[in-house]
Amino acid sequence: MMKKITILCLGIALIASCKSKNKSQEETHETVLESKMDIPSEVSIIPIEHATAVLEWNDVTLYIDPVGGKSAFEGQNSPDIILVTDIHGDHFNLETLQEVSTENTTIILPQAVADEIPSESTLALDIMNNGDTKTHSGIAIEAIPMYNLREEALDFHTKGRGNGYVLTIGGQRLYFSGDTEDIPEMRALKNIDKAFVCMNLPYTMTEDSAADAVLEFQPKEVYPYHYRGRPDISDVKKFKELVNKGNPSIGVIQLDWYPNDDF
């Protein structure tokens, strides 16, 4: 009788040990999966020109403010998502949208831009206005205000008309300013990994204003873009010096936004 009890106890202990081992393996597996999910996926950033860029993430392609016709995107994947910030010609061009879009492309844009597109258009539009948040292809998209503050520039970009965008993509938060000055909504941004910040007069802001705003919301990296003005070109070297003097930990990264020019 004692032998039977001993064998039974050993069996129960063995089963419990196996269950504990299996549970431990499952927990380890779950931890590994969670860790993998926490690792940011690489986002490829391809400057096209001025305010126009292509982003690649996994199998998703985004176009930011596509202009210049289909030829400007030769060699690029067709877009799954297009983001348009404003009505001006360096951000919105109907012919380009029609040429690069496919039946699978969603175009995200503010109401003011949608109003410029003929009602008979077959383009797939998704209107977002300041403060809206939506998710497409696993990417969270926030529409951020963009507008002018200087009295002499108020008519260039009125508050509520255009969108900047914050994208949460591949574990990172990317901010595209669109045409704006150093507005409170920009200064209040949090946890930005990569910030694409404009600086061109007379339409947006000076290098000093852009640097001052960046030093307030403190992105990990900042990419000066949209810096061709009229008649002058903004001094991006000065911008870098101002940012690095104020906070050396912010990386200032210069991409070639004007491949056809010497600046």
Side-chain angles (χ1 to χ4, degrees), residues 50-53 55 62-67 81-94 96-97 105-119 121 123-136 139-169 173-192 194-206 208-210 212-214 216-217 219 222-230 234:
H50 190 56
T52 303
L55 274 59
L62 298 89
Y63 287 8
I64 312 293
D65 283 340
V67 301
I81 302 169
I82 292 175
L83 302 177
V84 182
T85 60
D86 198 23
I87 61 175
H88 290 158
D90 55 340
H91 301 273
F92 163 64
N93 179 263
L94 179 58
T96 301
L97 291 182
T105 302
T106 299
I107 301 174
I108 295 172
L109 69 180
Q111 183 65 58
V113 178
D115 291 342
E116 299 291 319
I117 297 176
S119 58
S121 171
L123 295 172
L125 308 182
D126 190 349
I127 295 170
M128 289 184 67
N129 292 307
N130 294 175
D132 290 347
T133 299
K134 294 186 179 182
T135 300
H136 285 275
I139 300 169
I141 303 168
E142 306 168 51
I144 308 298
M146 47 153 276
Y147 56 94
N148 286 105
L149 296 171
R150 294 169 294 125
E151 188 67 32
E152 67 273 19
L154 291 178
D155 289 340
F156 289 139
H157 305 97
T158 56
K159 187 173 182 178
R161 188 185 75 198
N163 290 333
Y165 294 100
V166 171
L167 312 176
T168 301
I169 174 174
R173 283 168 56 79
L174 283 67
Y175 168 57
F176 286 85
S177 71
D179 282 1
T180 192
E181 291 190 55
D182 51 326
I183 57 176
E185 294 89 346
M186 176 195 289
R187 292 176 175 273
L189 292 171
K190 304 292 184 185
N191 304 316
I192 300 297
K194 302 179 188 297
F196 294 78
V197 177
C198 65
M199 57 195 79
N200 66 322
L201 293 178
Y203 306 110
T204 62
M205 56 182 160
T206 65
D208 300 78
S209 295
D212 193 57
V214 165
E216 184 156 347
F217 74 88
V222 60
Y223 296 71
Y225 85 139
H226 197 292
Y227 52 82
R228 180 178 57 205
R230 185 177 295 173
S234 294

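Just so it is clear, the model here is predicted, and its values are computed rather than measured.
- Between T158 and N148 there is no side-chain heavy-atom pair separated by less than 4.5 Å.
- In this structure, I82 and V84 have side chains that are in contact, with non-hydrogen atoms separated by less than 4.5 Å.
- With Y147 contributing its side chain and R161 its backbone, the two residues share no donor-acceptor pair below 3.5 Å.
- A side chain to side chain contact (heavy atoms under 4.5 Å, CB included) with M205 is found for one member of I183, V197, D212 and no other, namely V197.
- One finds no salt bridge joining D90 and R228 here, because no Lys/Arg side-chain nitrogen approaches an Asp/Glu carboxylate oxygen to under 4.0 Å.
- Aromatic ring orientation, F196 versus Y223: parallel (interplanar angle below 30°, classes split at 30° and 60°).
- Among I192, V166, L55, the one residue that satisfies the side chain to side chain contact (heavy atoms under 4.5 Å, CB included) test with L174 is L55.
- Under 3.5 Å, the side chains of H157 and D179 contain a donor-acceptor pair of N or O atoms.
- P66 has its side chain within reach of L97: a pair of non-hydrogen atoms, C-beta onward, lies under 4.5 Å apart.
- Panel note: side chain R173, backbone N191; a donor-acceptor pair is recorded below 3.5 Å.
- Donor-acceptor pairing under 3.5 Å is lacking for the side chains of T52 and D65.
- Taken from OG1 in T105 to CG in L125, the straight-line distance is 11.5 Å, to the nearest 0.5 Å.
- N163 and N129 share no donor-acceptor pair across their side chains, judged by distance under 3.5 Å alone.
- Using bins of under 30°, 30° to 60° and over 60° for the plane-to-plane angle, the ring pair Y203/F156 lands in the perpendicular bin.
- Defined by atom type and a distance below 3.5 Å, a donor-acceptor pair is missing between the side-chain atoms of H50 and H91.
- The side-chain heavy atoms of Y165 and I141, taken from C-beta on, include a pair separated by under 4.5 Å.
- Looking at S177 and T180, their side chains never bring a donor and an acceptor atom within 3.5 Å of each other.
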